[in-house]
Participant: 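First, the structure itself, so that you have it in front of you.
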Amino acid sequence: MCRAGDPRTRIENHCTISMWIIVPLVLTLTAQVWSNVCPCAREELCQPIRTQPAFEVFVFDVGKKAWKFYDWTKVTTVAAFGEYDVELMCYAHSKGARVVLKGDVPLSYIVDPVNRTAWIQEKVQLAQSQFMDGINIDVEQAVETGSPEYYALTALVKETTESFHIKIPGSQVSFDVAWSPKCIDKRCYDYLAIADSCDLLFVMSYDEQSQIWGDCIAMANAPFNQTLTAYDQYISMSIEPQKLVMGVPWYGYDYSCLNFTKDGICTIPKVPFRGAPCSDASGRQIPYSIMMKQINSSISGRLWDKNQRAPYYNYKDTEGRVHQVWYDDPESIALKAAYVAQRGLKGIGMWNGNLLDYSSDPIAQQQTADMWNSLTPSKDRESAVFS
Ligand SMILES: *[C@@H]1O[C@H](CO)[C@@H](O)[C@H](O)[C@H]1NC(C)=O
Ligand SMILES: *[C@@H]1O[C@H](CO)[C@@H](O)[C@H](O)[C@H]1NC(C)=O
Ligand SMILES: *[C@@H]1O[C@H](CO)[C@@H](O)[C@H](O)[C@H]1NC(C)=O
Ligand SMILES: *[C@@H]1O[C@H](CO)[C@@H](O)[C@H](O)[C@H]1NC(C)=O
């Protein structure tokens, strides 16, 4: 999720520019201190994970201690987008799960090969000093086909993967891509070369209304058919299904309707984004935990859109304005998870693990368990959908 400069409040997203310009000095110093001193209870918990899971459950974590309540029978990789947490690293390793760094850099900086090498070296050293198992590269910048940045990005991924694999045997280098390879949000990358140059692509199958070219109305964050069609696009470019991890959203979009028709269509203000006249940027991202508290007091309760195969609901704010909220829940996620299994993708994951209610409230606990369970559907459900 990347909409730099967008003024509205949003969930901490994939776009937060890393502070790699200021931080390296400090990190190099701390790296010296940390090297070889394992902070875990047992020395072996500092060893990078070397085994490859048959199926990935790839979790973005944005900090604090929600990870303590994750379903660790499923998690295989945690991309640590929050502050470094020693306790998380030791715990993940005790469960055989990887913890990987976040990598982001302005592409104009790493067109220069010397700068690129320096950035990669810094990340490898950071990973080593923190006993991490790889890196998730989250560059979501607009890139033109054939530009210097276009080639530099591919080189960045290739050289990062080579360095990590040599310096940290068994480590994992992943790269985040938009829901479709068709220059979404002007991200015209060399997707095939990038896929060949890293261990896996995390496909961000959400924010699929970032560029609305048709009617400017509220729609699903990740419509079923559109989501799946885009995987066929990736695969038809000769990208192996085993390179692809499907990312699902654990958040929705709350749109304030300009007009709410009697058929329940919510027209939204025209907020342009990267060339498109209308965008989900007119909505507000809402965690699953918050929506589950709001839905029972909404005007409509949970509704299901048969075409988009997604849930939504309508509510009135204190000024009497109608809002439409589109989201994903265990039903819509299980449909996509069944496709992951049936198409033989490498795994599934979400943005982000922190967005559920991990309190001790029994209703919340059930909802949270249902969300985790929807990631890995049973064989029965799978054949029900695809037979
Ligand atoms: C190298 O990276 C720095 C930021 O660390 C940037 O200011 C500089 O312009 C880059 N040099 C080149 C030649 O791109
Ligand atoms: C699914 O999407 C594709 C591509 O957008 C379209 O051609 C096809 O008709 C859609 N199928 C259904 C059942 O909506
Ligand atoms: C709003 O919707 C109503 C009923 O569907 C329609 O008659 C009206 O023209 C719409 N208003 C605007 C401003 O689009
Ligand atoms: C909302 O209503 C549903 C259906 O009646 C119920 O199962 C659920 O527990 C309710 N949620 C809350 C937060 O009360």
Side-chain angles (χ1 to χ4, degrees), residues 1-17 62 104 106 138-144 176-189 203-223 225-227 230 247-261 263-288 290-291 294 298-300 303 305 307-308 310-328 332 351-352 355:
M1 180 61 213
C2 181
R3 215 161 279 138
D6 179 358
R8 73 216 163 94
T9 341
R10 52 168 53 256
I11 294 167
E12 204 173 336
N13 60 39
H14 273 182
C15 189
T16 326
I17 300 290
V62 298
D104 186 19
D138 186 43
V139 167
E140 302 189 24
Q141 297 153 50
V143 170
E144 258 177 64
D176 301 334
V177 296
W179 63 271
S180 148
K182 309 235 157 172
C183 287
I184 298 304
D185 303 344
K186 297 197 173 165
R187 283 179 260 174
C188 304
Y189 305 163
V203 184
M204 297 182 283
S205 295
Y206 38 76
D207 301 334
E208 296 187 24
Q209 313 301 347
S210 64
Q211 295 177 297
I212 301 174
W213 304 93
D215 291 343
C216 196
I217 60 172
M219 290 179 285
N221 189 6
N225 184 44
Q226 178 168 305
T227 296
V248 298
W250 276 4
Y251 64 93
Y253 276 89
D254 177 330
Y255 295 97
S256 175
C257 309
L258 280 182
N259 194 17
F260 185 70
T261 72
D263 309 326
I265 307 267
C266 166
T267 55
I268 58 177
K270 284 199 162 74
V271 178
F273 183 68
R274 294 196 187 169
C278 175
S279 163
D280 58 19
S282 86
R284 202 162 52 93
Q285 295 183 346
I286 310 287
Y288 187 72
I290 305 286
M291 296 184 295
Q294 185 177 46
S298 65
I299 317 170
S300 63
L303 300 171
D305 183 284
N307 293 325
Q308 302 178 78
Y312 67 107
Y313 63 91
N314 307 311
Y315 76 93
K316 258 192 193 143
D317 65 23
T318 48
E319 269 112 66
R321 191 185 281 280
V322 176
H323 290 239
Q324 193 165 75
V325 183
W326 287 87
Y327 63 107
D328 276 87
S332 66
W351 182 265
N352 59 58
L355 296 169

Participant: Quick one, Leu303 and Asn314 - any side-chain contact, counting heavy atoms below 4.5 Å?
Facilitator: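 With C-beta onward as the side chain, the pair touches.
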
Participant: Just verifying a value: how many Å separate Ile299 CD1 and Tyr313 OH, rounded to the nearest 0.5 Å?
Facilitator: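 Going from CD1 on Ile299 over to OH on Tyr313, the span is 11.0 Å.
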
Participant: Test Tyr251 against every option in Asn221, Asn352, Ile286 by the side-chain contact (heavy atoms from CB on, under 4.5 Å) rule and name the one that passes.
Facilitator: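 That would be Asn221; it is the only one of Asn221, Asn352, Ile286 passing the side-chain contact (heavy atoms from CB on, under 4.5 Å) with Tyr251.
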
Participant: Rounded at 0.5 Å granularity, tell me how far CG in Asp104 sits from CD in Glu140.
Facilitator: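 Interatomic distance, Asp104 CG to Glu140 CD, rounded to 0.5 Å: 8.0 Å.
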
Participant: How about Glu208 and Ser205: do any of their side-chain heavy atoms sit closer than 4.5 Å?
Facilitator: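 Yes - at least one pair of side-chain heavy atoms lies under 4.5 Å apart.
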
Participant: Would you say the side chain of Val248 lies within less than 4.5 Å of the side chain of Tyr206, judging by non-hydrogen atoms?
Facilitator: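 They are not in side-chain contact.
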
Participant: Using atom types as modelled and distance alone, determine if a side-chain donor or acceptor of Asp305 lies under 3.5 Å from a backbone N or O of Asn307.
Facilitator: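 Side chain of Asp305 to backbone of Asn307, a donor-acceptor pair under 3.5 Å: yes, one is there.
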
Participant: Flag yes if more than 12 heavy atoms outside Gln294 fall under 6.0 Å of its CD atom; otherwise flag no.
Facilitator: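 For Gln294, atom CD is crowded (more than 12 foreign heavy atoms under 6.0 Å).
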
Participant: How many angstroms lie between CD1 in Ile290 and CD in Gln285, if you round to the nearest 0.5 Å?
Facilitator: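 Between Ile290 CD1 and Gln285 CD, I get 13.5 Å after rounding to 0.5 Å.
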
Participant: Between SG of Cys216 and CG of Leu258, what distance do you get to the nearest 0.5 Å?
Facilitator: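 Here the rounded value is 8.0 Å.
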
Participant: Which pair of non-hydrogen atoms, one from Trp351 and one from Leu355, has the smallest distance, and what is that distance?
Facilitator: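 In this case the closest contact between Trp351 and Leu355 is O-CD1, 3.7 Å.
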
Participant: Taking the side chain as everything from C-beta on, heavy atoms only, tell me whether Pro311 gets closer than 4.5 Å to Ser332.
Facilitator: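 A side-chain contact exists here, since the closest heavy-atom pair is under 4.5 Å.
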
Participant: Aromatic ring centroids of Tyr312 and Trp326 under 6.0 Å?
Facilitator: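 Judged by ring-centre distance (under 6.0 Å), Tyr312 and Trp326 do meet the cut-off.
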
Participant: Please name the pair of heavy atoms, one in Pro269 and one in Ser256, separated by the smallest distance, quoted to 0.1 Å.
Facilitator: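 Smallest interatomic distance, heavy atoms only, reads CD-O, 4.0 Å.
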
Participant: Rounded to the nearest 0.5 Å, what separation is found between the OG atom of Ser180 and the CD atom of Gln211?
Facilitator: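 Atom-to-atom, Ser180:OG and Gln211:CD are 10.0 Å apart.
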
Participant: Do Asp317 and His323 meet the criterion of a side-chain donor-acceptor pair at a distance under 3.5 Å?
Facilitator: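 Yes - a donor-acceptor pair under 3.5 Å links their side chains.
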
Participant: Decide yes or no for Cys188 and Glu144: does some side-chain heavy atom of the first lie under 4.5 Å from some side-chain heavy atom of the second?
Facilitator: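 Sidechains of Glu144 and Cys188: no contact.
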
Participant: To check you understand the geometry: which heavy-atom pair defines the closest contact between Cys266 and Gln324, and what is its length?
Facilitator: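 Of all heavy-atom pairs spanning Cys266 and Gln324, the closest is CB-OE1, 3.4 Å.
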
Participant: To check you understand the geometry: which heavy-atom pair defines the closest contact between Gln141 and Arg187, and what is its length?
Facilitator: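 Answer, listing the atom of Gln141 first, then Arg187: O-CG, 3.3 Å.
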
Participant: Between Ser279 and Ile268, which heavy-atom pair has the shortest distance, and what is it?
Facilitator: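 Reported closest heavy-atom pair: O-CD1, 4.1 Å.
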
Participant: Has Thr267 got a side-chain atom pairing as donor or acceptor with Asn259's backbone, closer than 3.5 angstrom?
Facilitator: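 Checking the backbone N and O of Asn259 against the side chain of Thr267, a donor-acceptor pair under 3.5 Å is found.
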
Participant: Tell me if a side-chain donor or acceptor on Asp207 pairs with a main-chain N or O of Ser210 at a distance below 3.5 Å.
Facilitator: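 No: the side chain of Asp207 does not pair with the backbone of Ser210.
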
Participant: Is it the case that the side chains of Tyr253 and Gln209 hold a donor-acceptor pair, with the cut-off being a distance below 3.5 Å and no angle test?
Facilitator: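 No.
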
Participant: Can you check whether Lys270 reaches Ile212 side chain to side chain, under 4.5 Å on heavy atoms?
Facilitator: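 They are not in contact (no side-chain heavy atoms under 4.5 Å apart), so the answer is no.
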
Participant: Considering only heavy atoms from C-beta outward, does the side chain of Tyr288 approach that of Asp328 to under 4.5 Å?
Facilitator: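 In short, these two side chains do not touch, never coming nearer than 4.5 Å.
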
Participant: List the atom of Arg321, the atom of Cys257, and the distance in Å for their closest heavy-atom pair.
Facilitator: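 In terms of heavy atoms, the two residues are closest at NH1-O, 3.3 Å.
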
Participant: Are Asp280 and Tyr255 close enough, and set up right, to give a side chain to side chain donor-acceptor pair (under 3.5 Å), and what steps lead you there?
Facilitator: CA-CA 8 Å; Asp280 58 19; Tyr255 295 97; 4.9 Å; no

Participant: Can we say Arg274 and Asp185 salt-bridge, meaning some charged N sits less than 4.0 Å from an Asp/Glu carboxylate O?
Facilitator: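 A salt bridge is absent here (no side-chain N lies under 4.0 Å from a carboxylate O).
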
